[in-house]
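Each remark here refers to the structure printed beneath this line.
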Number of protein chains: 2
Amino acid sequence: MIRAARNAEMPQRPSVSQPKTARGEATKKAILAAAERVIGAKGYNDASIGHITSEAGVAQGTFYIYFKTKEDVFSELVLEMGRLVRHSIAEATQGIDDRLAAEKAGLQAFLEFVQAHPDLYRIVQEALFVDPEAYQAYYSAFADGYRDGLTEAALAGQISAGDPDTRAWALMGIARALGEQLVVFKSDKPIPELVASAYDLIENGIKP
Amino acid sequence: MIRAARNAEMPQRPSVSQPKTARGEATKKAILAAAERVIGAKGYNDASIGHITSEAGVAQGTFYIYFKTKEDVFSELVLEMGRLVRHSIAEATQGIDDRLAAEKAGLQAFLEFVQAHPDLYRIVQEALFVDPEAYQAYYSAFADGYRDGLTEAALAGQISAGDPDTRAWALMGIARALGEQLVVFKSDKPIPELVASAYDLIENGIKP
DNA sequence: CGCAAACATGAATACTGATTCATGTTTCAT
DNA sequence: ATGAAACATGAATCAGTATTCATGTTTGCG
């Protein structure tokens, strides 16, 4: 058995080859899409490589041409989710100068994304157990953006003063809870109503 | 206060014998405590029965005297977490008539509980993947209590009017996010500060 | 073309870990 | 004190499955 020195000093990721042809590209995409469906539906542990590859229509060995391990494909899905949802929100808030209005539009975009990609939502949640680093990276990226936005908005007088860290975490917690209502608890409350109620709370609080 | 008439049914579980002697009782408790530590630390899938029983100081077979399956012990832990945290909150809010003050005290109690029982916190989160029914039961019980409390408080004029379902979910989302800050992201922000910032937001919102 | 690299196959390997069971020990009501 | 029920043991079973590999097929460039 080959025992190459295993260390943490590998700068790049040459462990598996990136696809060099259109065919390889398509196959890798098919595996990723299948993994999203299968892992989203059955969970990480009950989703076997066999399930994923048969869903993708390729042989089991093909999986290891593009991914080093089962955890690897999972990590890529978490990263993909981060990219996609950030892109969705950025697009939805494009050109909105008022922070409150932007946050509202961002929440709406987030909930619509989650409803459209319930599998990705579950995968991010499961990352806390399968790939904690990816999980923390995902939420830290969001939290940093939120916090900076809140800090700027406070300076511009668009919102009241208050600890931006805690606020960022609280607002993310609200978004996540509402997303979970849609995906996990299968609430049929329309997204615009959820957003309106939540933003009334966020803007005005619940004091009489 | 939490009204608990909802689950008046005690589902019998004749699948395995309940302990009949003090000795059996102690052994079962030891296994449960070991399972909490091991599953909380390693996660459901990496926590083997062998790990749990050796941590408990009993033989592997002993596990199956008290639990039908590995999932079984996990479910009991989720139920235990629900009981304990509800008890903590009920105790902390005992005799507080003002809803806002009660919610604030409840949030503080929740965060203190979570900090004291990080393993149980992770177990409840993982229940979404290991035992979805237990997960939904856990959060539904909380949401129901929250919603009823908010509805009463609105009628009493203690808080403004607003959709109590969405508010309940949002408030739970905030509590959960702050708990995660403590346990997962290891924030060292003192709990009273977290609670103060969060309740300023909840009471007054962020409008200037 | 023609051929090297890229891609694909699926059976074989190697190992883990949940659950069972035959056997032994302790408890406690009588 | 005693025997039946309760409790405890841990080696054996048994199924699943991540990963490898030797072998074939396809692609695209010169």
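Naming convention: chains lettered A, B, ... in sequence-line order (proteins, then strands); numbering from 1 in each chain. All values derive from a computational prediction rather than experimental measurement.
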(message) Counting only side-chain nitrogens and oxygens, does B/Thr27 get under 4.0 Å of the OP1 or OP2 atom of D/dA8?
(response) yes
(request) State plainly whether the residues B/Arg99 and B/Glu103 are in salt-bridge range, i.e. N to O under 4.0 Å. (result) yes
(request) Please work out if B/Ala26 contacts a base, only the sugar-phosphate, or nothing of the nucleic acid, heavy-atom cut-off 4.0 Å. (result) nothing
(message) In this structure, how many angstroms lie between the C1' atom of C/dC7 and the CD1 atom of A/Ile31, rounded?
(response) 11 Å
(request) Output the single nucleotide from C/dT9, C/dT19, D/dA18 whose closest atom is nearest the side chain of A/Lys70. (result) D/dA18
(message) For a quick test of reading the model, state the closest non-hydrogen atom pair linking A/Arg147 to A/Pro164 and the distance between them.
(response) CG-CB, 3.8 Å
(message) Please report the distance, rounded to the nearest Å, between CZ in A/Phe63 and P in C/dG10.
(response) 17 Å
(message) Distance check needed: D/dT20 C1' versus A/Ile65 CD1, whole Å only.
(response) 12 Å
Could you list the donor-acceptor pairs under 3.5 angstrom formed by side chains in residues 189-202 of chain B, with sequence neighbours left out?
| residue | atom | partner | partner atom | Å |
| --- | --- | --- | --- | --- |
| B/Lys189 | NZ | A/Asp163 | OD2 | 3.0 |
| B/Ser197 | OG | B/Glu193 | O | 3.3 |
| B/Asp200 | OD1 | B/Asn204 | ND2 | 2.9 |

(request) For A/Gln60 and C/dA12, give me the distance from atom CD to atom P, rounded to whole Å. (result) 13 Å
(message) Go nucleotide by nucleotide along DNA chain C from the 5' end; which of A/Gly57 and B/Tyr64 gets its closest nucleotide reached first?
(response) A/Gly57
(message) Taking the minimum atom-to-atom distance to the side chain of A/Lys20, which one of D/dT9, C/dC7, C/dT19 wins?
(response) C/dC7
(message) Is the shortest side-chain heavy-atom distance between B/Gln115 and B/Tyr121 below 4.5 Å?
(response) no
(request) Please report, rounded to the nearest Å, how far the C1' atom of C/dA18 is from the CD1 atom of B/Ile52. (result) 11 Å
(message) For A/Arg83, is there an ion pair with A/Glu76 - N to carboxylate O distance below 4.0 angstrom?
(response) no
(message) Heavy-atom nearest nucleotide on DNA chain D for A/Thr62 versus A/Asn45: which residue maps closer to 5'?
(response) A/Asn45
(request) Round to a whole Å and report the spacing from CD of B/Glu25 to P of D/dA5. (result) 21 Å
(request) Heavy atoms under 4.0 Å is the rule here; annotate nucleotides 22-30 of chain D 5' to 3' with B where the base is hit, S where only the sugar-phosphate is, and - elsewhere. (result) ----SS---
(message) Please classify the nucleic acid contact of A/Phe67 as base, sugar-phosphate, or nothing, using heavy-atom distances under 4.0 Å.
(response) nothing
(request) Assign the ring pair B/Phe113 / B/His117 to parallel, tilted or perpendicular, where the plane angle (0 to 90°) is split at 30° and 60°. (result) parallel
(message) Rounded to whole Å, how long is the line connecting atom NZ of B/Lys68 with atom C1' of C/dA18?
(response) 14 Å
(message) Between P on D/dG16 and CD1 on A/Ile49, what's the gap in Å once rounded to a whole number?
(response) 17 Å
(request) For a ring-ring contact (aromatic ring centres under 6.0 Å, His included) with B/Phe74, tell me which candidate from B/Tyr135, B/Phe129, B/Tyr44, B/Phe67 qualifies. (result) B/Tyr44
